[in-house]
Amino acid sequence: MTVTVINLTREELIESREKLLHDLRMTTEELRDRVTHETATTAERVALERLDEIAFLLGEQD
């Protein structure tokens with residue numbers, strides 16, 4: 001099995017997060033609220049997972 005490793009800079013991760021939120025037209029808090037209250041679309045749920053991954057990679061997870 002082959003594993004592909006993708007190296008991203010801190011700046012690329014931040015840009016990715018900003019673009020994702022811009023495309024969604026909402027803040028992380030608004031998105032998390034939609035997921036919590038089960039009003040989020042599948043795409044929004046996937047986006048929140050990606051935002052959480054980015055936060056983890058940036059060392060921002062609590």
Side-chain angles (χ1 to χ4, degrees):
M1 178 169 164
T2 303
V3 176
T4 302
V5 176
I6 300 171
N7 292 312
L8 297 172
T9 65
R10 179 174 184 77
E11 291 76 22
E12 289 170 327
L13 289 168
I14 292 169
E15 286 176 25
S16 178
R17 176 173 56 196
E18 289 172 356
K19 181 178 180 343
L20 189 57
L21 290 171
H22 179 266
D23 291 348
L24 290 170
R25 297 186 174 129
M26 64 180 83
T27 66
T28 304
E29 293 78 19
E30 292 169 326
L31 180 58
R32 194 170 303 283
D33 187 60
R34 287 181 55 80
V35 171
T36 300
H37 290 95
E38 299 183 7
T39 58
T41 65
T42 301
E44 290 170 341
R45 290 177 184 276
V46 170
L48 183 58
E49 288 178 16
R50 180 62 185 142
L51 289 171
D52 286 343
E53 291 169 355
I54 291 170
F56 174 78
L57 292 170
L58 290 172
E60 299 173 349
Q61 288 288 338
D62 295 329

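Computation of the quantities below employed the complete heavy-atom set of this structure, encompassing side-chain atoms and omitting hydrogens, waters and symmetry-equivalent molecules.
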Looking at [atom1] of [X] and [atom2] of [Y], how far apart are the two atoms once the value is rounded to the nearest 0.5 Å?
X     : Y     : atom1 : atom2 : value
Ile14 : Leu57 : CD1   : CG    : 11.5 Å
Thr28 : Asp33 : OG1   : CG    : 12.5 Å
Glu49 : Arg45 : CD    : CZ    : 9.0 Å

Same hydrophobic cluster for [X] and [Y], using side-chain heavy-atom links shorter than 4.5 Å among ILVMFWY?
X     : Y     : value
Leu58 : Leu8  : yes
Leu31 : Ile54 : no
Phe56 : Leu51 : no
Val35 : Leu24 : yes

Q. Are any side-chain N or O atoms of Ser16 and backbone N or O atoms of Glu12, one a donor and one an acceptor, separated by less than 3.5 Å?
A.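 Absent.
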Q) Checking Glu44 side chain against Thr41 main chain: does a donor-acceptor pair fall under 3.5 Å? A) yes
(Q) Is there a side-chain contact (heavy atoms from CB on, under 4.5 Å) between Arg34 and Met26? Walk through the geometry before answering. (A) CA-CA 10 Å; Arg34 287 181 55 80; Met26 64 180 83; 3.8 Å; yes
(Q) Between Arg17 and Glu53, is there a side-chain heavy-atom distance shorter than 4.5 Å? (A)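 Side chain of Glu53 against side chain of Arg17, heavy atoms only: no contact under 4.5 Å found.
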Q. Salt-bridged, Arg32 to Glu29, with N to O below 4.0 Å?
A. no
Q) Between Arg25 and Glu30, does at least one N-O distance fall below 4.0 Å, as a salt bridge requires? A)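 No, this pair does not count.
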